[in-house]
Amino acid sequence: MHCNISDNRLISFYAANVTGIGAGGEDIGLSTIDNNMIDLGLQASGHPLEYDYSNTQGICGINGGKGFNILHNSIYIHVPGNGPTAYGVGGAGIIEGDSSGTTGLIMNNIISAYYPTRDLNFTLLEVAQHVPSDYNIFNVQGPGYIGWQYHPTGIFQDSTLAGWQDRSGDDKHSQFADPLFNNTEAAAPYIDLHLQQGTPAESAGTPAYTTLTDFDGKIRAQWTPVDIGADAGNFKPTTPP
């Protein structure tokens, strides 16, 4: 079984459990989730979700399952302030719960989140040790964690990128920075996860794990390769003559 889930704009889902892309159970070969723009946690009006979350509920941008290559996605999650009080997931950009050894990878993604309260929220969750993750941009606004991983010595979580890099061995070239999305918190028609000039995503990705085109169909190789996230462009600030 092989598939590609690409070029989707997913916004303003309204439910107690919200997942942008859920694609689990891939056991044979590798499939790809790429070039998706996902903005969750807001109603179509632009107001935050109003549900009370239990310890088994939450918001997830991508749930990749087994053996998925997760490349060049741009994800923003607004976690409601009335999120979980203990355990569970308030918000996770990417869940890669692959314990099968069917190796996938997480490369060239932007995962940004706003957590007004609580502290049990993650940008990466259940990332197995054999799933490589690198060349990503993380931006956690408010209390939260970079990652939570299965490890031979147990389960650990880290709130800083440096701690996550040290304990997981992943994301050596990743950044903790504001990706400069155009508009993350707005009514549905105005949400825009394209990038602004000066974004740290400029030329910061890896060409080893990339896609031919970006979200808009632009050839990535023609636009300062390789930019992180779903949007490719020439984002270098220019000085007028």
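Quantities reported herein were computed from a predicted structural model and do not represent experimental measurements.
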Exercise. Is Asn109 reaching over with its side chain to a backbone N or O of Ile70, donor-acceptor style, under 3.5 angstrom?
Worked result: yes
Exercise. Under the side-chain contact (heavy atoms from CB on, under 4.5 Å) criterion, do His194 and Ser74 qualify, and how do the steps go?
Worked result: CA-CA 9 Å; His194 288 83; Ser74 293; over 6 Å; no
For this session: Search all heavy atoms of Leu124 against all heavy atoms of Ser133 and return the closest pair with its distance.
Result: CD1-OG, 3.7 Å
Exercise. Looking at side-chain heavy atoms only, is the closest gap between Pro179 and Gln196 below 4.5 Å?
Worked result: no
Problem set entry | Tyr76 side chain to Glu185 side chain, donor-acceptor N/O pair below 3.5 angstrom | yes
For this session: Taking all non-hydrogen atoms of both residues into account, name the closest pair between Gly104 and Pro132 and its distance.
Result: O-CD, 3.0 Å
For this session: Indicate yes or no for a side-chain donor-acceptor contact from Gln175 to the backbone of Ile137 under 3.5 Å, with no hydrogens or angles considered.
Result: no
Exercise. In Å and rounded to the nearest 0.5 Å, what is the CD to CD distance from Gln197 to Glu202?
Worked result: 8.0 Å
For this session: Verify the ring-centre separation between Phe122 and Tyr145: is it less than 6.0 angstrom?
Result: yes
Exercise. Out of curiosity, Ile77 CD1 to Leu40 CG, how far, rounded to the nearest 0.5 Å?
Worked result: 5.5 Å
Seminar exercise, completed: Minimal heavy-atom distance between Ile59 and Gly41, with the atoms involved, is CD1-CA, 3.8 Å
Problem set entry | Residue among Asn35, Asn108, Thr213 satisfying side chain to side chain donor-acceptor pair (under 3.5 Å) with Arg220 | Asn35
Exercise. Distance from Ile75 atom CD1 to Phe181 atom CZ, nearest 0.5 Å?
Worked result: 8.5 Å
Exercise. Heavy-atom distance under 4.5 Å between the side chains of Ile94 and Thr123, does that happen here?
Worked result: no
Problem set entry | Spacing of Leu195 atom CG and Leu180 atom CG [to the nearest 0.5 Å] | 8.0 Å
Seminar exercise, completed: Smallest heavy-atom separation, Ala92 atom then Leu125 atom, equals CB-CB, 4.2 Å
Exercise. Has the side chain of Gln43 got a donor or acceptor atom that lies under 3.5 Å from a matching backbone atom of Pro48?
Worked result: yes
Problem set entry | Phe215 with Ile228, same ILVMFWY side-chain cluster at under 4.5 Å | yes
Seminar exercise, completed: Rounded to the nearest 0.5 Å, the CE atom of Met37 sits from the CZ atom of Arg9 at a distance of 9.0 Å
Problem set entry | Modelled atom types, side-chain donor and acceptor of Asp34 and Ser6, under 3.5 Å | yes
Problem set entry | Linked, directly or transitively: Ile111 and Tyr114 (ILVMFWY side chains, under 4.5 Å) | no
Exercise. Looking only at atom types and distance, does a side-chain atom of Thr199 sit under 3.5 Å from a main-chain N or O of Ala201, one as donor and one as acceptor?
Worked result: yes
For this session: Determine yes or no for a side-chain-to-main-chain donor-acceptor pair under 3.5 angstrom, with Ser174 supplying the side chain and Tyr135 the backbone.
Result: yes
Exercise. Stepwise, does the side-chain contact (heavy atoms from CB on, under 4.5 Å) test hold for Ser203 with Trp223?
Worked result: CA-CA 9 Å; Ser203 304; Trp223 296 88; over 6 Å; no
Exercise. Under the 3.5 angstrom rule, does the side chain of Asn8 hit a backbone N or O of Leu10 as a donor-acceptor pair?
Worked result: no
Exercise. Taking atom CG of Asp170 and atom CD1 of Ile146, what is their separation to the nearest 0.5 Å?
Worked result: 12.5 Å
Problem set entry | Residues Asn182, Leu193; criterion side-chain contact (heavy atoms from CB on, under 4.5 Å); working and verdict | CA-CA 6 Å; Asn182 277 338; Leu193 297 190; over 6 Å; no
Exercise. Do the side-chain N and O atoms of Trp164 and Asp171 include a donor-acceptor pair separated by under 3.5 angstrom?
Worked result: yes
Problem set entry | Hydrophobic cluster membership, Ile11 vs Ile110, 4.5 Å side-chain cutoff | no
Problem set entry | Ion pair Lys218/Asp231, N-O distance below 4.0 Å | yes
Seminar exercise, completed: Nearest heavy-atom contact between Tyr209 and His72 is O-NE2, 4.2 Å
Exercise. Does CZ in Phe235 sit with more than 12 non-hydrogen atoms of other residues, nucleotides or ligands closer than 6.0 Å?
Worked result: yes
Problem set entry | Trace of the side-chain contact (heavy atoms from CB on, under 4.5 Å) decision for Val140 with Phe176 | CA-CA 8 Å; Val140 182; Phe176 188 96; 4.1 Å; yes
Exercise. So, Asp227 side chain and Gly233 main chain: donor-acceptor pair closer than 3.5 Å or not?
Worked result: yes
Exercise. Does the Asn183 side chain pair with the main chain of Asp192, one donor and one acceptor, at a distance under 3.5 Å?
Worked result: no
Problem set entry | Any donor-acceptor N/O pair, Asp214 side chain to Ala232 backbone, under 3.5 Å | yes
Exercise. Does the side chain of Thr206 come under 3.5 Å of the side chain of His173 through a donor N or O and an acceptor N or O?
Worked result: no
For this session: Determine yes or no for a side-chain-to-main-chain donor-acceptor pair under 3.5 angstrom, with Asn73 supplying the side chain and Ile33 the backbone.
Result: yes
Problem set entry | Minimum side-chain heavy-atom gap Ile38-Ile62 below 4.5 Å | yes
Seminar exercise, completed: Closest non-hydrogen contact found for Asn36 with Ala230 is O-CB, 3.9 Å
